[in-house]
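Letters go in sequence order (proteins before strands), and every chain restarts at 1. As the structure is a prediction and not an experimental result, all values here were calculated from the model.
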Amino acid sequence: MNKNTTYKESSTTSNFIKNIIEEDIRTNKHNGRIHTRFPPEPNGYLHIGHAKAICLTFGLAEEYKGLCNLRFDDTNPTKEDVEYVESIKEDIHWLGFDWGDRLYYASDYFDILYEYALKLIKDGKAYVCDLSPDEIREYRGTLTKPGKNSPYRSRTVEENLKLFEKMKNGEFDNGACVLRAKIDMTSPNMNMRDPIMYRIIHAEHHRTGDKWCIYPSYDFTHGQCDSIEKITHSLCDLGFEGHRPLYNWFIENLEIFPSRQIEFARLNLSYTVLSKRKLRELVEGNYVSGWDDPRMPTLSGLRRRGYTPESIKDFCERIGMAKAESLVDIALLEHCLREDLNKHAPRVMAVLHPLKIIIDNYPEGKIEELDAVNNPEDSSMGTHKVPFSREIFIEQNDFMENPPKKFWRLSPGKEVRLRYAYFIKCVKVMKDNDGNVVELHCTYDAKTKGGNAPDGRKVKATLHWVSSKHAIDAEVRLYDRLFTVENPLAEQDDFKNYLNPKSLEVLTSCKLEPSLTNAKVGIHYQFERLGYFCMESKDSSNKKLVFNRTVTLRDQWEKIQKAQKQKK
RNA sequence: UGGGGUGUGGUCUAAUGGUAAGACAACAGACUCUGGAUCUGUCUAUCGGGGUUCAACUCCCUGCACCCCAGCCA
């Protein structure tokens with residue numbers, strides 16, 4: 001069996017990057033070695049768009065028995081912070097990937113980069129330019145007009161060497177001059193018009209402290225770091241397509257290991273934004289509670305919301321990998337989540353909008369312990385007990401005094417099943433002075449214990465419930481999509497105008513079945529008939545239980561209702 | 001109007017000259033002690049126009065549309 005066949009068997013869907021890799025393996029490029037890297041800048045939190053890149057780079061390494069490095073791209077001390085380094089590491093681990101002993105920083109290579117710069121200067125391929133930022137922009141030309149050479153372009157090697165030395169030694173102020181590559185000011189590719197290699201920034205770096213006051217630009221850093229680490233396939237987003245000629249130029253002129261840059265389309269997700277800048281705007285403007293607000297598409301937000309790493313990885317696999325820009329339906333993410341949670345989440349009963357029921361013919365003071373299945377998808381998860389008594393809560397919307405067509409739940413005179421308990425029939429509706437239903441009186445059929453009638457009669461609906469005397473109180477936070485429109489950034493005005501005002505609804509008088517006393521952060525529950533929920537990791541306490549709704553269950557009834565409304 | 005990219009059902013992705021496939025969504029039905037899950041079925045696609053070929057999503061020509069590039073950000 002050849003290698004090719006092996007890989008085809010282990011891979012799921014193919015994509016253009018895997019095709020390239022398999023061709024490289026076939027032709028024995030780099031002796032068949034595959035080495036990728038994930039290169040975040042530590043200036044913000046990772047989001048699900050990064051998860052796509054993480055799954056790609058780490059996933060490819062796993063699939064082709066290669067390696068993937070984690071390398072922080074920390075070339076701009078004014079924008080980066082250690083806080084972000086830690087969160088990024090945590091998020092990658094949470095997703096289930098590991099970089100082993102290959103944790104690197106671009107700043108690890110500042111000395112080598114400096115030597116590289118010296119080499120280009122000595123080869124007459126780089127020069128110190130004293131033009132001001134404005135002048136540089138002016139000399140660069142425009143998209144349709146070629147640029148013109150800087151008057152400093154023809155400085156001698158010796159002069160450049162001396163000036164660059166002075167730059168390094170801190171003899172100039174910020175912005176006084178820069179080191180530029182001498183390429184071609186008339187290139188139709190703006191990136192090749194003598195790009196900046198080094199700029200002066202008198203600032204403390206989170207790793208190198210005050211050792212440097214000149215810092216290499218992205219272009220003069222990234223490819224060389226890839227090369228130093230012998231990265232074979234350097235994957236980045238489409239935004240860097242135009243930088244590839246420059247990436248290659250530095251590698252060729254420095255005569256170093258030829259890493260290959262390949263670009264793919266970044267992820268866009270409907271009803272949210274995936275841009276660090278925009279997310280930061282939401283955080284700093286207090287539109288959300290922080291980077292890890294459960295409504296945020298950040299990995300920390302999704303984690304707190306109750307998303308599982310498995311569901312996110314599955315999603316990243318299913319969206320595929322291509323160069324066409326696209327907007328993925330968030331429904332796919334939710335599908336992956338439900339699929340995972342359905343298989344693994346234990347079922348419990350909770351009433352979010354309680355309506356009290358008194359079962360008139362059930363003995364006062366009597367308590368029964370009923371068996372409830374933990375997960376119908378997985379019998380090995382066993383059962384647990386739920387207490388039943390004369391007074392219970394059901395969901396307010398499980399009762400309607402004047403039910404429309406297809407409403408199968410409780411209404412006056414109608415019989416329904418209480419999950420795992422009995423059939424009950426509504427005999428009386430109690431209202432307050434305003435006509436609101438405040439309490440129901442029902443009767444139960446003792447022969448239907450466990451939920452089946454010996455005479456074989458059927459009921460159309462099964463309701464979840466909680467015994468009022470045993471219920472535990474909790475706050476439940478219901479989340480909905482962050483924005484009201486599919487693509488907030490495509491709107492004419494500010495994307496923040498499309499924030500969903502109902503993205504968070506807090507319910508304070510919810511009733512949970514008593515087994516939830518033992519709930520823990522990190523366990524995902526299904527509240528039957530409602531959705532998947534998890535304990536709030538920051539705000540929940542013994543005094544005040546707080547749960548987050550991760551995602552609702554699919555709801556046919558909601559669809560029917562919408563259809564009925566539209567008919568009217 | 002310089003350069004670099006991208007166009008496949010409503011959405012995302014396959015097919016690398018040989019039956020246009022899968023997933024999500026939608027719709028219909030079956031089943032169900034969750035109106036969940038599961039199962040079955042249905043709908044809808046190669047940007048346009050030429051050409052090469054027995055055969056084109058694929059190759060050629062030509063239009064069109066959309067995206068990216070003029071930071072001392074990455």
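In this structure, the nucleotide among B/A15, B/G3, B/G7 sitting nearest to the side chain of A/Ala324 is B/G7. Closest contact between the side chain of A/Pro188 and the listed nucleotides B/A14, B/C69, B/G3 involves B/G3. Distances from the side chain of A/Glu325 to the nucleotides B/C67, B/G36, B/A74 place B/C67 closest.
Nucleotides of RNA chain B nearest to A/Leu530 and A/Lys323 differ in position, and the one nearer the 5' end is that of A/Lys323. If A/Lys449 and A/Glu80 are placed on RNA chain B by their nearest nucleotide, the residue sitting closer to the 5' end is A/Lys449.
Note that NZ of A/Lys460 and CZ of A/Arg409 are 13.0 Å apart. Values are rounded to the nearest 0.5 Å.
Heavy atoms of A/Ile319 sit under 4.0 angstrom from primed sugar atoms or phosphate atoms, though from no base atom. Among the protein residues, A/His464 comes within range of no part of the nucleic acid, since none of its heavy atoms lies under 4.0 Å from any strand. Contact annotation for A/Leu553: base contact, defined as any heavy-atom pair under 4.0 Å involving a base atom. Using a 4.0 Å heavy-atom criterion, one finds that A/Ser187 contacts no nucleic acid atom at all. A/Ile560 comes within contact range of at least one nucleobase, with a heavy-atom separation under 4.0 Å. Using a 4.0 Å heavy-atom distance criterion, A/Arg419 is classed as a base contact. A/Phe315 comes within contact range of no nucleotide atom at all, as no heavy-atom separation falls under 4.0 Å. Within the nucleic acid shown, A/Glu528 comes within 4.0 Å of at least one base atom, counting heavy atoms only. A/Lys145 comes within 4.0 angstrom of no nucleic acid atom, judged by non-hydrogen atoms across all strands. Residue-level contact check: A/Tyr420 touches the bases, meaning some heavy atom is under 4.0 Å from a base atom. Residue contacts for A/Arg193: at a heavy-atom cut-off of 4.0 Å it reaches no nucleic acid atom on any strand shown. A/Leu327 comes within 4.0 angstrom of sugar-phosphate atoms only, judged by non-hydrogen atoms across all strands, and of no base. If you check every strand for non-hydrogen atoms under 4.0 Å, A/Phe240 touches a base. Heavy atoms of A/Asn15 sit under 4.0 angstrom from primed sugar atoms or phosphate atoms, though from no base atom.
When the P atom is used for both B/U52 and B/A20, the distance is 22 Å, rounded to whole Å. Nucleotides B/A37 and B/A30 have their C1' atoms positioned 14 Å apart, rounded to a whole Å. Nucleotides B/U32 and B/A25 have their C1' atoms positioned 24 Å apart, rounded to a whole Å. A distance of about 15 Å separates the C1' atoms of B/U19 and B/A14, rounded to the whole Å. Across B/A56 and B/G50, the matching P atoms stand 14 Å from one another, rounded to whole Å. When the P atom is used for both B/C57 and B/U8, the distance is 15 Å, rounded to whole Å. Of the P atoms belonging to B/G71 and B/G9, the separation is 36 Å, rounded to the nearest Å.
The phosphate of B/C73 has OP1 or OP2 within less than 4.0 Å of a side-chain N or O from A/Asn76. The phosphate of B/C12 has neither OP1 nor OP2 within less than 4.0 Å of any side-chain N or O from A/Arg318. Note on A/Ser326: a side-chain N or O is less than 4.0 Å away from OP1 or OP2 of B/U13. For A/Arg137 and B/G71, the shortest distance from a side-chain N or O to OP1 or OP2 is below 4.0 Å. A close approach under 4.0 Å does occur between a side-chain nitrogen or oxygen of A/Arg140 and OP1 or OP2 of B/C72. For A/Arg266, no side-chain nitrogen or oxygen approaches OP1 or OP2 of B/A74 to under 4.0 Å. Taking only side-chain nitrogens and oxygens, A/Thr13 never comes nearer than 4.0 Å to OP1 or OP2 of B/A23. Of the side-chain N and O atoms in A/Gln556, one or more sit less than 4.0 angstrom from OP1 or OP2 of B/G36. Not one side-chain nitrogen or oxygen of A/Arg338 sits closer than 4.0 Å to the OP1 or OP2 atom of B/U38. OP1 or OP2 of B/C27 has at least one side-chain nitrogen or oxygen of A/Lys559 nearer than 4.0 Å.
Partner assigned to B/G2 is B/C69, using Watson-Crick or G-U wobble distances below 3.5 angstrom. Pair assignment for B/G36 gives none, since no Watson-Crick or G-U wobble pairing has each distance under 3.5 Å.
A ring-centre distance under 6.0 Å is not found for A/Tyr247 and A/Phe240. Side-chain rings of A/Phe547 and A/Phe527 approach one another, their centers coming within less than 6.0 Å. For an aromatic pair to be called close, the ring centres must be under 6.0 Å apart, and A/Phe483 with A/Tyr271 fails this. For A/Tyr215 and A/Tyr198, the gap between ring centers reaches or exceeds 6.0 Å.
Below the 3.5 angstrom threshold, one finds a donor paired with an acceptor across the side chain of A/Arg409 and the base of B/G35. You won't find any donor-acceptor pair under 3.5 Å spanning the side chain of A/Gln561 and the base of B/G35, going by distance alone. The base of B/U34 sits within donor-acceptor range of the side chain of A/Gln526, with an N or O pair under 3.5 Å.
Aromatic stacking of A/Tyr218 on B/A74: not satisfied for centres closer than 5.5 Å together with planes under 30 degrees.
When all heavy atoms are compared, the tightest approach of A/Ile196 to A/Ile136 is CD1-CD1, 4.3 Å. Across all their heavy atoms, A/Pro346 and A/His524 have their closest contact at CD-O, 3.1 Å.
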- Derivation of the salt bridge (charged side-chain N to carboxylate O under 4.0 Å, His left out) call for A/Asp445 and A/Lys425: CA-CA 8 Å; A/Asp445 179 351; A/Lys425 192 180 284 185; over 6 Å; no
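For the pair A/Lys168 and A/Tyr114, the cation-pi criterion (under 6.0 Å, within 45° of the ring axis) is fulfilled.
Glycosidic conformation of B/G49 is anti; the angle lies outside 90° of 0.
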